[in-house]
Structures are given as structure tokens and as C-alpha cells.
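Working notes for the structure below.
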Number of protein chains: 2
Amino acid sequence: MPDTARRAEEPAGARYGNRPTMKDVAARAGVGLKTVSRVVNGEPGVTPETERRVQEAIEALGFRRNDSARVLRKGRTSSIGLVLEDLADPFYGPLSRAVEEVARAHGTLLFNGSSAEDPEREQELALALCARRVDGLVVIPAGDDHRYLEPEIKAGVATVFVDRPPGRIEADVVLSDNYGGARSGVAHLIAHGHRRIGFIGDMPRIHTAAERLRGYRAAMEDAGIPVAESWMSLGATDPERVRRAAEEMLSGPHPVTAIFTGNNRVTVTVIRVLAEHPRRVALVGFDDLELADLLKPGVTVVAQDAAALGRTAAERLFRRLDGSPPAPERIELPTRLITRGSGELPPAD
Amino acid sequence: MPDTARRAEEPAGARYGNRPTMKDVAARAGVGLKTVSRVVNGEPGVTPETERRVQEAIEALGFRRNDSARVLRKGRTSSIGLVLEDLADPFYGPLSRAVEEVARAHGTLLFNGSSAEDPEREQELALALCARRVDGLVVIPAGDDHRYLEPEIKAGVATVFVDRPPGRIEADVVLSDNYGGARSGVAHLIAHGHRRIGFIGDMPRIHTAAERLRGYRAAMEDAGIPVAESWMSLGATDPERVRRAAEEMLSGPHPVTAIFTGNNRVTVTVIRVLAEHPRRVALVGFDDLELADLLKPGVTVVAQDAAALGRTAAERLFRRLDGSPPAPERIELPTRLITRGSGELPPAD
DNA sequence: TAGAGGCTGGACAACGTTGTCAGATGGAGG
DNA sequence: CCTCCATCTGACAACGTTGTCCAGCCTCTA
């Protein structure tokens, strides 16, 4: 009558819907609680025979150690959080993956969340992660005031900002050289004879957008070219707005002969506009694109290394976690100009 | 002498390097532990004056409730895990994002991890998440034996598989219609006059790859076209192998006049090969690509809706979590053929 | 045979929170 | 002035784990 036998044993085991605990395992194996703990953690001091009995009970009950409880006891959760802008953006894929790889190498799990470029949501997410007691936080800022993280950082949450600097607090940050990259990209267009060059970028409150615009201005100033207001357009990166902005620059008596685009989303839309445009217009974009080399002409871009950004940030985070905390630092990674044709077109007029 | 005063208070407060707890807050506010809990959770039955004192102490100490501990008491962790193949793959970005949005709507945080197509790593990751007591798991299988998850599922971890079915267990799964999609894509090529059609896909042990091959075979059989062994190539999707495979099919006395590619990585490489190829070769790819419409010719694809895949899976997971668990179900989402030119090229000979 | 010493196993507290329950306090009514 | 009730507050146990510490047992030696 195995059924009754089983039923007779169960009461000491798992309650329905609940997972068995070490206590249940101990009861079933007829040993003490701590002995189960020792077996589960491979600690010495358990007879092979006892160990066998415990293992058997573990198997039979389907026990798995509750790491949440473990963590409560131990102090560290071995998990970190990544707050980024949009998990679906191809730029952030490699970045997340790089962070994940570093985390994995440190036996750490990764929470992932998107702020959708909403400062409030960023804060909500970051604080929820802190409440879960992540050991560290990698944040791609959406907002420009991160004082809300100050108590957390002080309390030991290793925090590193990536892609954009934090606002109103001192903390580690890993950036691309947005200014220098944009400047060299625009200089590249100037070197190919362009003088009327448009700039279409993201909302000016976003640091990267502002920096890239600054690079654009600097390159123009270096060349002694006065910039017309109508050549610059900053705002949301939805296709409709970008399309309008591009078409505006390309019309009128003195249209631009080249466009510098401030990020991958803008670049894609502008490529579409240019494909329908009668005149040949040069283009250099910030951020690389997957098929950029296969278009006609190939798209010349200022490429950032998203994976390096993520890796550097995560490594910095773990260094902070492992050793004595170094002073906050600003790390800037170089960009790379990749020429593929669109940036080398001569002015059309 | 505010300094000594502060120092006199501190001992009851946070120990160095540790976060203040409710106990610390209670001590500082001169109230009981439970009262702090009540304030933190907005429970009724606290005088405004008491509440003010507690709030003050919370501010002063930088207290934040430890949700890990809370969870231990409560039973649910309000977190789910997503095990996918590669966070950096553009196909999985929208999928993750969709899962995240659904999770967010349920006040749930998301753990994210990549298996890198390694069954062992998938298992390690999934079990680590179970040990953290995630409420549920969304898994894109890398392996073909998921019996290791049986005890977890039985213990209440709501589990949904996506993109590929689980191996050797019964569970919810959300799939694209890989067979039907491939079949219609190949039929499309046949309708445009092709008879010698190549297929380049991922490793045959991957379910989606096998299904798409099956669709290819079915379409060919429907048209009464015998398939030559040399027209089919399954294996790793690294560019070198795919390039070799494509070049082989395109050479010899009877080269293929069209190629059907089994996923986005393969498609990209084949586009590169075809760009250098003297003859016009038709192409239909499985999975959409960001700039597919801008290439010359535009790339005809069988598109799956990655976001819908993720959303459907996550919704299923939460339904299972909320209500009474429904029987495991297999949900298949339709694909869509998007014609852009490359699939409508006539045979070159 | 007794004492020393090594090994195994278990009782107990603690991690930070919440639920239960009982105690304290204050005001109203007899 | 005393009692009763409502309201507010706090002590305590519990969640599942690990670290500390001590008890029991066995073996070896004097």
C-alpha cells in the first residue's frame, strides 16, 4: 500500500503548494537541520552514510535551497541591476550582454529594466532594485538628477553610470567620446568639401545629444563656417519628426548638402528620406548599423563600442565591490569613424 | 555640540557599511518595530505625530525597506526570470522588452540571462533563478531535455517556453509558425519560377531550424520538385560557414537560382555573398531585418512578431500565476511574408 | 580502565521583515 | 471616581537559511 505509506510520510514533508525546506529534508532523513545545510553546501564533517540519506531525502522531496533566505543571512545578494533606456534598442543589446557576461564571471545574476527615457520610471526602477538589495547598479540615466541614489550609494550599492553622466551627484561614469566623435564626423564632411551641413539629433536634455551637437558646432567653428539655425534640429526621434526636419533642411534656396545624424534611430529615418531625394546628399551617422555596409552608398558612421561600454562599466562595478572603493572616476571610450561611402560624397551643387 | 550628540545616537543606528533596518528606525524614533512597519506600509492606526517622527527617522537614516526579507516572509518574490539565447541578438531585444512590459504591469521585476545556445548554461541559469525563488520563468530553450525543471514547476514556478518547445516535459509554449512560414516563403520563390532553391539554416538540433527545413521540404514537395542534398546546409550560423555554404550552392554546373535563409544571422551573411555575386539570385529570409527595405533589391522576408511572442508568453505566465493553473497549451503565432524585391527576382538562367 | 582528543551531529540565535495578539492609553459614560 | 471601549502601540514568533557552540561518541594511549 505505497499510497498510504506516502501519505503518512508527507505531513512531515512539504505542505501543499509550498516548497520543502531544509527542515523537511532533515525530518525525512532523520538528521538535524544543520546537517542538511552542511550537505547542501558541501561542508566537511558528514559521514558518507549520513550524506547519502540526506541526498536521498533531497531528491525525494525535490528540495532546492532558497537563495533568498540564504542571502538574507549572508549580506550579499549576488545580483546586480541594469537600468537602461530600451531593451529593444539594438544599441543596448550588446551593452546588456557585456554586463551580463561580466556578472556571470562573478557568479552574479542580472536584473534588467527599461526606463523608456522617463526619469520617474528610471528612479522607480532603480529604487526597486535597491530595495531588493542588489549589490550594484549599472544605470543609463534618463533623468538629470540622481540625488535620490545618494543614500543607496552611501549604504554600499556600487553604482556605475553608462552612456550618460549622472546628474548632481559624484559617481563612476563610463562614456563614449560623444563630443570628439561628432566633431571628427562633421570634420570628415567638411574635409570632403561640404559647408552647409545639417545636424539632426535627439532631445537636447539628453547628454549624448547635447555633446554631439557641441561636437558639430566645434567642427564647424574650427572650419570657420557660421552655422544657420535652420541647419540644426533637436527633438524626439520618432520618424515623423525626423522626416520633417530632414525635408526642411533639404528644401529652400540654400539646402544643406550633407547631414550629420545624432543617433541610430535618426540615421535610419534619414536614410529613408535620402533614398527618395533627387539630389545626392552626404551622410554621416552617429552609431553603427547592422547592414550599413550593404546600402548604396554604404553608410559612413561614427561607431561606439557598446559592448566595451557595458564591459568597462561592469568591471568597474565589481572592482568597487571587491576591493576598497576607489574615488569616482569618469572614463571616456574613443569612437571610431568608419568610412563606407555616404560620408565621402562631394557636395551636389 | 551636535557632533557628540550625533555620535551618541549612532550606536543605536546603522553599523558601518550596513544599512539601517526597521529596528534602527524604531530606536531612533523611539517607537516599536511594528509601528515602523506600519508607517512604511501605509497601514492604518498610527497617529500623525508618531508617523511624523518615524518618517523623520527614516529620512535621517536613509532607510529603505529590504524587500528580500519582506519576500521571505510573504512567499512571493514578485520577480520572474527570462532565459534567452543571446541578449545581444536583435531578435530577442523586442521579445525581452515585451516580457518586461507585462512584468512591469504586474509589479514584477525581471531577471535576464543568456544561455549562449548552451544547454548546460541554460539549466544552470534557470535553476539559479529558481533558487532565487522567481515566481515564474520564461525560457527560450537551448537544450532538448527540460525534465530538470519538473520539480520546480510542480513546486509552483510558472513556466512558459517561447520560440522553441521544451524537451521531454509538458508545459506551456508559445511558438511562431516556423513550418508554415518557411513553407510559404519557399512557395513564394517557386511561384516566381524558381526550381533550384537552396536552404541555409541553423543547427538541426534547434527546433526552429528543423521546422523551417520541414517547411522548405514541404513546399518543394508540393511543387513536385525533387530536392538535391547539396541544396541544403544546416549548421552553426557563423559567417564563415554560411559563406562557404552559399558559395557552394551558387557554383557548379547547376547552381541554385534562389536561396531561402533560415534566420536573420544567416540572411545577413548571404546578402553579403550575393552582393559580390555576378548572377542575380533571389532571396527570401526568415526574420525581418532593420534596413531590409533600403537594400537594392529590398529583402523579402518571412517576419515573426518577436514582441507578440514575448507578450503572449508573459501574459500566459501571469494568468497561470494569478488564477487556477490551466492545462499546458501550445500557442502558435502566425508569420507574415513581406515582399520587397529580393524574393520576386526571376531565375537568372 | 580512565582520560584525552578527534570527529560527527544538533540546538539555538540571527539576518530583516510582517502577522498575531495583547497591553497601554485616553476619553466617554455611569 | 470608576468602568468600559476604542484606539494606538509593541512584544513575539515566524519565514528559510547559516554560524556558533556544545554534547555525545569513538578511538587511542597511559
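By convention in this document, chain letters (A, B, ...) are assigned in the order of the sequence lines, proteins followed by strands, and residues within each chain are numbered from 1.
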Per T21(A) side chain, nearest of listed nucleotides dG16(D), dG10(D), dT9(D): dG16(D)
Nearest-angstrom distance from the residue atom CD of E51(B) to C1' of dT9(D): 14 Å
Of D67(A) and P48(B), the one whose closest DNA chain D nucleotide lies more 5': P48(B)
Distance-minimising heavy-atom pair for A116(B) and R121(B): CB-NH1, 3.8 Å
Contact list for DNA chain D against residues 34-42 of chain B - heavy-atom distance below 4.0 Å: K34(B), T35(B), R38(B)
Atom-to-atom span, CG of L33(B) to P of dA14(D) - whole angstrom: 16 Å
Pairwise side-chain contact, S115(B) with L84(B), heavy-atom cut-off 4.5 Å (strictly under): no
Nearest-Å distance for atom pair CZ/C1', residues R70(A) and dG16(C): 18 Å
K74(B) side chain, from C-beta outward: closest of dT17(D), dG19(C), dG16(C): dG19(C)
Donor-acceptor pair, side chain of D67(A) and main chain of R70(A), under 3.5 angstrom: no
Close side-chain approach of F318(A) and I80(A), heavy atoms under 4.5 Å: yes
Closest nucleotide among dT8(C), dC8(D), dT17(C) to the T47(B) side chain: dC8(D)
Touch class at under 4.0 angstrom, heavy-atom based, for G45(B) against every strand present: base
Atom-pair distance (CZ on R133(B); C1' on dT17(D)), nearest Å: 11 Å
Atom pair distance, as rounded to whole Å: CZ in R76(A) and C1' in dC15(C): 16 Å
Candidate pair K154(B) and E150(B), rule salt bridge (Lys or Arg N to Asp or Glu O under 4.0 Å), full reasoning: CA-CA 6 Å; K154(B) 205 168 295 170; E150(B) 231 161 21; 5.7 Å; no
Parallel, tilted or perpendicular, as decided by the 30° and 60° cut-offs, for the rings of F161(B) and H146(B): perpendicular
Value in whole Å for how far the C1' atom of dA13(C) lies from CG of L72(A): 13 Å
Minimum-distance nucleotide (side-chain atoms of T50(B) versus dT17(D), dG19(C), dT9(D)): dT9(D)
Nearest-0.5 Å distance that lies between atom CD in E315(B) and atom CD1 in I331(B): 9.5 Å
Rounded distance in Å - CE (M22(A)) to P (dG19(D)): 10 Å
Sugar-phosphate, base or nothing in reach of V71(A), heavy atoms under 4.0 Å: nothing
E43(A) CD to dT8(C) P, straight-line distance once rounded to whole Å: 13 Å
